[in-house]
Structure formats: structure tokens, C-alpha cells
Novice: 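Handing you this structure, nothing more for now.
Note: hydrogens, waters and symmetry copies are ignored here, and every other heavy atom, side chains too, is used.
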Protein chains: 2
Amino acid sequence: MEMIKENTFRHVLDDDGVDPRVLRTRKLIVDGFHELLVEKDFQAISVRDITDRATINRATFYAHFVDKYALFDYVIARSFHELLRGRLTHRCGLSTENLRTLLLTVRDYLSGHLAHCTPDNQQNIHPYVIRQVHAQVHEFLVHWFKPIANDLDAAAALISWAVMGAGIHYSEDQTLEMDVEQMVTVLTQGLDGIGINLD
Amino acid sequence: MEMIKENTFRHVLDDDGVDPRVLRTRKLIVDGFHELLVEKDFQAISVRDITDRATINRATFYAHFVDKYALFDYVIARSFHELLRGRLTHRCGLSTENLRTLLLTVRDYLSGHLAHCTPDNQQNIHPYVIRQVHAQVHEFLVHWFKPIANDLDAAAALISWAVMGAGIHYSEDQTLEMDVEQMVTVLTQGLDGIGINLD
DNA sequence: CCATATATGTTGGATAAGCAACAGATTTGA
DNA sequence: TCAAATCTGTTGCTTATCCAACATATATGG
């Protein structure tokens, strides 16, 4: 029980070949944490609360996560990742449809998160959520860019933050209508400008 | 992982002091087994089916139960035990009220079991159910008798089977009305005959 | 203010769960 | 009928989880 934390963030969803006990324990922790998040504020949740709820030993928790903040990051990253994967039709490819899905998923995930949380949690946690969601968006973009060219780091950074910006904007004010097609056009035209043609 | 099976049947509900991993694994096995029971016949369920559903290793199953029949016995004994404990108001005492509760609980448990199962399972499993439920009823009676006198084995055997007989009879034909008070009277009078006065 | 909890991480040794491989029994189906 | 496949228990070794104990930090309250 040494290298469990090691793989936790390489790829958030590579459960293949992992010891079944590790997968079970992770799920118990995550489920217990989710239960607690709707009951009380993040700041008020102790590691002991989590392990009691998960029916695992406290030492085992620390074998999986360095602290509750790492657990939180993991939960956000994984749930967003799963939501996005479930919505993508063209798996692993750069296309206008996938860009559209990306924009909509970020917005929906963020507004869903705001809807679930207590007001206090909204204030304190939102920045962490954004950071983790962005990390995932960025990872997807890099993955999509890779077959096209290697040195597109700047483009990935720019577009990932553009997508996040749109998502944040529209998730915070639900009265606004999101003009997805216009945004997709901006992104595709922009990419076209640096020699990347979609579809 | 040697003596797990050891304590399994001493008292069906003494979870105190047992290793948490054992309790979790047991629960996973029992839950998976329950799921499978409503899907297919008991005879068609393999140990591998159970362990796959429970997400545990097959070898771990054999550390807990000698075979699927032992698991079945355990499930019956435990669920009946829990149902009865939940209904008893006068905990651990011999009284007309507890005798009444015993009669009704046996009938309800048996008819509930018949209602859940596939016709095939009803035929094949019913004898095992009766055997295990009787073992529990007998254990409760012995426990209630103990403060009164020591050599009441015959009385416990007789009354436990009388209770079972009533339960079986009325669970198999739901149209009959169970005259509980008459039966309780029979039992209390009978006990009175050997010098045991209730209430 | 200080004493008494309570929370956080960490460690070493004990124990349950995982796994692969095995032999033998039973089922399947060609 | 016979061979291939599947199921059943069992075993030795590996690995993850448990637990108790510890040092430290942060409340909590009298």
C-alpha cells in the first residue's frame, strides 16, 4: 500500500488493472464524501467524518489522498470527465461537434454544481471547481490536437480558457441565452487561422 | 483469514468486535446474492455469479462460507432474526405478548418469502427456509426459558415446532384467518401445565 | 489563561482480501 | 461417446486494509 496515490491523477479514469480493493475503497470514500457535501459545508467536513461514513479506516484514507482537498479535486475531475465522456459521440477527435459538446458540458456542469451546493460551499469551493474542470478540458484538447501537430500548447491553453470563460459566464447567469453556434464559429475560425481545418 | 467462518453461526447478529473488512465483505456477498435470487433460480446461481456481483474474489467467498447452501442458511437466519428483533417490544423475556409476536412473525416471514420467490425457488428452497427459521425460533425460546429453569429442552422443542406449524399452515393458505389469541392460549395453558406461569 | 478535548498526519506490525494455479467433478455439445 | 469448457474447492504467496500508538496542531470551554 505504497503507490496507490501515485496513479491517482495520471489519467482519472484508467481503472483497468487496478487492484479491486483499491477501486472499492475509492468508491466508498467518494460516495461518503458526496453524501456529506449535501449535508454540511466543505470546510466543516473532517477526514474522520468521511472515513466513518465510508466505513474505512482513517489511515486508509491517507493511503489514497493526501488530504480532503486532494479528494475534492479528484471528485470534481472524475465526475466532469465522466459526464463529458458520456456526451461525446465522436470519441477522441477534433471536430466542431466535439467543440460544441465541450462548451455545453462545461456550462451544464458548473451550473449543476452551483445548484447542488449550499451558498457557503458555492463561495469557497467554486475556484477549486474551475481549476479542476479546466485541467480536464485542457487535457482533452491536448489529446485532440496531438494527431494534428505537436507544438500547439499555446492554442490548447487559449481555447481551454475560452471554453471555461463561456461556461462560467453562462452558468452564473441562467437568464442569458448561450449562442453556442456563434462561439463554435469563433473557435473554428480561430483554429483555421493557424492552419487547422475542421470537418 | 482463517477463522472467519468460525463465528458465523454462534450468534447471527453479533457484529461487535468483528473486523470491519469482514463485515463489509459479508454484506457485499449477501447483497449480491439477494439480487441474484430475484433474477434466477437458486439452483442456477453459481458461486462465481455471486462473487462477480459482489466484486470480491472467489477465494474470499470460501473464506466466509463453505458453499452457497451455507450462505443461503445464513441469509435466512439473519433476515428472520432481524425481523423478529425489530418487532419484539419486551426484549429477551418470556411473555404472552412475545409468544404472539413470534407466531405472527413466523407466518409473515414465510408468506413474504413465498411471495418473493419464483415458483421454482418456492419448491426447492422452502424446506431449507423452514429449517433455518425453526433454528432461530428455537434459539429464542431456549434463551427465554433459561432464566426460569435449565432442563426445558423438550418444552422448547415442542413449542418451537408448534409455532412453526402454525406459521407454515397460515402462510401457505392466505385465505385462512389466523386465530392468534386461541393459539397463544394453547401455548400459555400448556406451559402452565408444566409449572410455568406467564405475566 | 490554561487544561482538555478533538483533528491531523504518520508509522509498524497484524490480518483479510486478491490472485494465479491446481486437481477433480460436472456440463455442454459436436 | 468423447473432448472441451465450466464449476468447485484448495493452497502459497502478494498486497491493501486495519489498528493502536504517537507527535503535533487546532479548537473548546471553564
Side-chain angles (χ1 to χ4, degrees), chain A residues 1-10 14-33 36-37 39-74 120 124, chain B residues 1-10 14-33 36-37 39-74 120 124:
Chain A
M1 141 168 160
E2 189 68 25
M3 301 287 99
I4 295 180
K5 278 194 285 268
E6 208 67 6
N7 289 327
T8 301
F9 272 95
R10 303 296 289 266
D14 60 346
D15 289 348
D16 294 338
V18 179
D19 191 306
R21 288 169 288 187
V22 172
L23 299 181
R24 260 216 313 277
T25 298
R26 249 190 232 162
K27 178 166 165 47
L28 287 167
I29 292 174
V30 168
D31 288 352
F33 184 55
L36 287 168
L37 267 184
E39 295 174 16
K40 55 165 103 174
D41 293 339
F42 175 73
Q43 185 261 345
I45 298 173
S46 71
V47 172
R48 182 177 294 278
D49 289 337
I50 298 169
T51 57
D52 284 352
R53 190 66 65 104
T55 66
I56 59 143
N57 192 275
R58 204 163 51 87
T60 305
F61 176 91
Y62 290 107
H64 285 257
F65 303 98
V66 292
D67 55 23
K68 70 174 179 177
Y69 299 93
L71 166 61
F72 184 77
D73 288 351
Y74 173 79
D120 200 280
N124 293 328
Chain B
M1 147 165 158
E2 187 70 27
M3 301 287 99
I4 295 180
K5 277 195 284 270
E6 207 68 7
N7 289 328
T8 301
F9 272 96
R10 302 297 290 265
D14 60 346
D15 289 348
D16 294 339
V18 180
D19 191 306
R21 289 169 286 186
V22 173
L23 298 181
R24 263 216 312 277
T25 300
R26 250 190 230 162
K27 178 166 165 46
L28 288 168
I29 293 175
V30 169
D31 288 352
F33 184 55
L36 286 168
L37 268 184
E39 294 174 16
K40 55 164 106 174
D41 294 339
F42 174 73
Q43 184 262 343
I45 298 173
S46 71
V47 172
R48 182 177 295 279
D49 288 338
I50 298 168
T51 58
D52 285 352
R53 190 65 67 106
T55 65
I56 60 143
N57 192 276
R58 203 162 53 85
T60 304
F61 176 92
Y62 289 108
H64 285 256
F65 303 98
V66 292
D67 54 23
K68 70 175 179 178
Y69 298 93
L71 166 61
F72 184 77
D73 287 350
Y74 173 79
D120 200 281
N124 294 327

Novice: In terms of the angle between their ring planes, are A/F42 and A/F33 parallel, tilted or perpendicular, with boundaries placed at 30° and 60°?
Specialist: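 Ring orientation, 0 to 90° scale: perpendicular.
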
Novice: Tell me the closest heavy-atom pair linking A/F61 and A/I56, and the distance in Å.
Specialist: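 Looking at all heavy atoms of both residues, the shortest contact is N-CD1, 3.9 Å.
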
Novice: A/F65 CZ to C/dT10 P: how many Å, rounded?
Specialist: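 My rounded result for the distance is 15 Å.
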
Novice: Is there a donor-acceptor contact under 3.5 Å from the side chain of A/D49 to the main chain of A/S46?
Specialist: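 Side chain of A/D49 to backbone of A/S46: a pair is present.
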
Novice: State which of C/dT8, D/dT8, D/dC19 makes the closest approach to the side chain of B/V47.
Specialist: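 Nearest to the side-chain atoms of B/V47, counting from C-beta on, is D/dT8.
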
Novice: Can you check whether B/L36's main-chain N or O pairs, donor with acceptor, with B/R53's side chain at less than 3.5 Å?
Specialist: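 The answer is no, because no donor-acceptor pair under 3.5 Å joins these two groups.
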
Novice: To the nearest angstrom, how far is A/L23 atom CG from D/dA16 atom C1'?
Specialist: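 Interatomic distance, CG of A/L23 to C1' of D/dA16: 12 Å.
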
Novice: In whole angstroms, how far is the P atom of D/dC19 from the CD1 atom of A/I56?
Specialist: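 Answer to the nearest Å: 11 Å.
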
Novice: State whether B/R24 places a side-chain N or O below 4.0 Å from either non-bridging phosphate oxygen (OP1 or OP2) of D/dC18.
Specialist: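 The answer is yes; a side-chain N or O of B/R24 sits under 4.0 Å from OP1 or OP2.
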
Novice: Indicate yes or no: at least one non-hydrogen side-chain atom of A/Y62 is less than 4.5 angstrom from one of A/V47.
Specialist: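 A/Y62 reaches A/V47 side chain to side chain.
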
Novice: Where do N or O atoms of nucleotides 27-29 of chain D meet protein N or O atoms at under 3.5 Å, pair by pair?
Specialist:
none

Novice: When the distance from CG of B/D52 to C1' of D/dT8 is rounded to whole Å, what number comes out?
Specialist: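 After rounding, the reported distance stands at 14 Å.
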
Novice: Check B/I45 against B/K68 and note the closest heavy-atom contact, atom names and distance.
Specialist: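 Looking at all heavy atoms of both residues, the closest pair is O-NZ, 2.8 Å.
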
Novice: By nearest atom, which of the nucleotides C/dA17, D/dC7, D/dG9 is closest to the B/S46 side chain?
Specialist: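 Of all the options, the side chain of B/S46 is nearest to D/dC7.
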
Novice: Could you check whether any side-chain heavy atom of B/R21 comes within less than 4.5 Å of a side-chain heavy atom of B/R24, counting everything from C-beta outward?
Specialist: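 Result yes, sub-4.5 Å side-chain heavy-atom pair found.
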
Novice: Is A/R48 side chain donor-acceptor paired with the C/dA7 base, going by distance under 3.5 Å alone?
Specialist: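 It does not, because no donor-acceptor pair links the side chain of A/R48 to the base of C/dA7 below 3.5 Å.
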
Novice: Can you tell me the distance, in whole Å, between the CG atom of B/L71 and the P atom of D/dT8?
Specialist: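 So the CG-P distance, B/L71 to D/dT8, works out to 13 Å.
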
Novice: Hey, does A/I29 have a side-chain heavy atom less than 4.5 Å from the side chain of A/T51?
Specialist: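 They are not in side-chain contact.
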
Novice: Nearest-Å distance, CG (A/D67) to P (C/dG9)?
Specialist: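 Atom-to-atom, A/D67 to C/dG9, this comes out as 6 Å.
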
Novice: Consider the side chain of B/H64, meaning its heavy atoms from C-beta on, and name the nucleotide among C/dA17, C/dT8, C/dT15 that approaches it most closely.
Specialist: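 Comparing C/dA17, C/dT8, C/dT15 against the side chain of B/H64, the answer is C/dA17.
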
Novice: Any donor and acceptor pair, going by atom type alone, linking the side chain of A/D41 with main-chain N or O of A/Q43 inside 3.5 Å?
Specialist: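 No; judged by distance alone, with no hydrogens or angles, the pair does not exist.
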
Novice: What is the distance, rounded to the nearest whole Å, between atom CD1 of B/I45 and atom P of D/dT8?
Specialist: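 Whole-Å distance recorded here is 11 Å.
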
Novice: Taking N or O atoms only and anything under 3.5 Å, show me the protein contacts with nucleotides 20-27 of chain C, one pair per line.
Specialist:
none

Novice: Compare all side-chain heavy atoms of A/R26 with those of A/Y74 and state whether any distance is below 4.5 angstrom.
Specialist: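 Answer yes - side chains close enough.
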
Novice: So if I take every side-chain heavy atom of B/T25 and compare against C/dA17, C/dG9, D/dC18, which nucleotide ends up nearest?
Specialist: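 For the B/T25 side chain, the nearest candidate turns out to be C/dA17.
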
Novice: Quickly work out the B/D19 CG to D/dA16 P distance and round it to whole Å.
Specialist: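 My rounded result for the distance is 17 Å.
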
Novice: Report yes if at least one side-chain N or O of A/Y62 is closer than 4.0 Å to OP1 or OP2 of C/dG9; otherwise report no.
Specialist: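 Affirmative; the distance criterion is met.
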
